[in-house]
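Before any comments, here is the structure.
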Amino acid sequence: ALTVSDAFSVTAGVFDAQGTSTVTLDGNAQTVTISTAESVRDFRNLVVNGSGTKSLGSNVVAAGDVTITVGQLEIDTDVLTVAGSVLVNGGTLSMTGAAGRIQIGTGLSMTSGTVTTADITPAPILTTNGTEGADFYSVSFTGGTLDVSAWDIRSVNTSGVTIGSGVTITSFNKITWSNTNDPTGSPSRWLDITAQTVTLRQHTFPDTWTGAVHQAGAGEDYNVRANTSGTVTMEDAEGDWAGDDDEKLRTLPFDEEGH
């Protein structure tokens, strides 16, 4: 294990922290830069556990997990690739740069802390570290705060983005949903919200979702599900899968406005 309290920079030679190694960033403002030309240049596990903002100064790869417990991990316009999971267990995961990207192998979860994105064009991207439409990951928020102003979400598994009753939804707007999400569940969905009464604005759904079941009946697929209780209201949703009248599918209570 290695604990770093200042900037972390590798500009030449081999950087190999794979195996079972963990690098912990426990300083205040820190920048992580891995710019060596060598092919071996990966973290194994990366932990953010210090006050202040930890920024990427280059594209960064973690062969294991990235865990945030204290402080802020800032993704601007670079790419964070994680073979395992991104775990927000406190602190803040922030994406503020145009088309900044997190590529995930296993999943993104939040139990406490904050996930936030900026209202910027093109929106920050959340996707798989594999092939979009063939490789999928989970997204589960059970606690903490969502303050999402724009997000391009791709290649999520059949459960979709799940938001539990313990999450504070400050904003979850301007989401671009992808037809690369896994349609093979029974049902599959893009968004599943449990026991929340919330209004979501300016979501864009695709016109097609290849492989999805697109009529009422057993195994139908959903754009958005209000799970157990509560009401999800969509304002100014776009795309064929946004749903007009009974044309597209969702479980009630689900209200749609703005068409």
Side-chain angles (χ1 to χ4, degrees), residues 2 4 7-11 15-18 21-27 29-36 38-50 52-111 113-118 120 122-132 135-141 144 146-156 161 176 178 180:
L2 176 65
V4 180
F8 188 96
S9 180
V10 179
T11 59
F15 170 62
D16 184 3
Q18 297 186 38
S21 299
T22 296
V23 175
T24 298
L25 305 176
D26 75 342
Q30 293 174 268
T31 301
V32 180
T33 304
I34 310 294
S35 58
T36 175
E38 298 288 341
S39 59
V40 179
R41 45 184 291 171
D42 298 352
F43 290 96
R44 177 63 182 182
N45 299 310
L46 181 64
V47 175
V48 174
N49 190 36
T53 299
K54 318 298 185 282
S55 303
L56 301 190
S58 66
N59 294 341
V60 170
V61 177
D65 298 329
V66 172
T67 303
I68 305 168
T69 56
V70 177
Q72 177 168 308
L73 178 61
E74 174 66 39
I75 313 298
D76 190 6
T77 57
D78 293 303
V79 178
L80 174 65
T81 300
V82 183
S85 295
V86 177
L87 309 167
V88 183
N89 298 330
T92 299
L93 173 63
S94 175
M95 302 183 72
T96 58
R101 180 183 292 247
I102 300 177
Q103 302 178 159
I104 297 175
T106 301
L108 167 64
S109 68
M110 177 173 64
T111 58
T114 300
V115 172
T116 183
T117 72
I120 195 166
I125 298 167
L126 183 67
T127 189
T128 176
N129 73 335
T131 302
E132 291 180 355
D135 298 301
F136 309 102
Y137 60 98
S138 64
V139 181
S140 175
F141 305 120
L146 284 173
D147 186 13
V148 173
S149 298
W151 221 353
D152 182 344
I153 301 177
R154 309 175 185 179
S155 213
V156 178
V161 174
T176 300
S178 171
T180 60

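These values consider heavy atoms only, across backbone and side chains, with no hydrogens, waters or symmetry-generated copies.
- Closest heavy-atom contact between Ala118 and Pro124: O-CD, 4.1 Å.
- Rounded to the nearest 0.5 angstrom, Asn89 CG and Met110 CE are separated by 10.5 Å.
- Residues Ala62 and Arg44 approach most closely at CB-O, 3.7 Å, considering heavy atoms.
- Side-chain N or O atoms of Ser58 include one that pairs as donor or acceptor with a backbone N or O of Ile34 at under 3.5 Å.
- In this structure the side chain of Leu93 never reaches within 4.5 angstrom of the side chain of Val66, judged on heavy atoms.
- In terms of modelled atom types and a separation under 3.5 Å, the side chain of Asp65 and the main chain of Ser85 share a donor-acceptor contact.
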Check your understanding: Would Asn45 and Thr67 satisfy side-chain contact (heavy atoms from CB on, under 4.5 Å), going step by step from the backbone distance to the final call?
Key -> CA-CA 8 Å; Asn45 299 310; Thr67 303; over 6 Å; no
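- Although no hydrogens or angles enter the test, the distance criterion places a donor-acceptor pair under 3.5 Å between the side chain of Gln30 and the main chain of Val4.
- At least one donor-acceptor pair under 3.5 Å links the side chain of Thr128 to the backbone N or O of Gly130.
- A donor-acceptor contact shorter than 3.5 Å links the side chain of Thr180 to the backbone of Ser155.
- Residues passing the side-chain hydrogen bond (donor to acceptor under 3.5 Å, both in side chains) test with Gln72 are Glu74, sequence neighbours excluded.
- For the pair Leu25/Leu46, a side-chain contact is recorded, criterion being any heavy-atom separation below 4.5 Å from C-beta on.
- Between the CZ atom in Phe136 and the OG1 atom in Thr131 there is a gap of 10.0 Å [rounded to 0.5 Å].
- Side-chain atoms of Lys54 do not come within 3.5 Å of backbone N or O of Val47 as any donor-acceptor pair.
- The only option from Thr176, Leu126, Ile125 that meets the side-chain contact (heavy atoms from CB on, under 4.5 Å) definition with Arg154 turns out to be Ile125.
- Taking every heavy atom of both residues into account, Val161 and Val156 meet most closely at N-CG1, 4.1 Å.
- Under the 3.5 Å distance criterion, the side-chain polar atoms of Thr92 are left unmatched by any main-chain donor or acceptor of Ser94.
- Contact detail for Val88 and Val115: the closest heavy-atom pair is CG2-CG2, 4.2 Å.
- In this structure, CG in Asp152 is found 9.5 Å from CE in Met95, a value given to the nearest 0.5 Å.
- In this structure, the separation between OG1 on Thr77 and CG on Leu56 is 9.5 Å, given to the nearest 0.5 Å.
- Between the side chain of Asp42 and the backbone N or O of Val61, no donor-acceptor pair lies under 3.5 Å.
- Minimum heavy-atom separation, Ile75 to Asp78: CG2-O, 3.7 Å.
- The shortest non-hydrogen separation linking Trp151 to Leu108 is CH2-CD2, 4.0 Å.
- Note that CG of Asn49 is 3.5 Å distant from OG1 of Thr69, once rounded to the nearest 0.5 Å.
- A donor-acceptor distance shorter than 3.5 angstrom exists from the side chain of Thr117 to the backbone of Ser149, with no hydrogens or angles considered.
- Separating the OG1 atom in Thr127 from the CD1 atom in Ile153 is a distance of 10.5 Å, to the nearest 0.5 Å.
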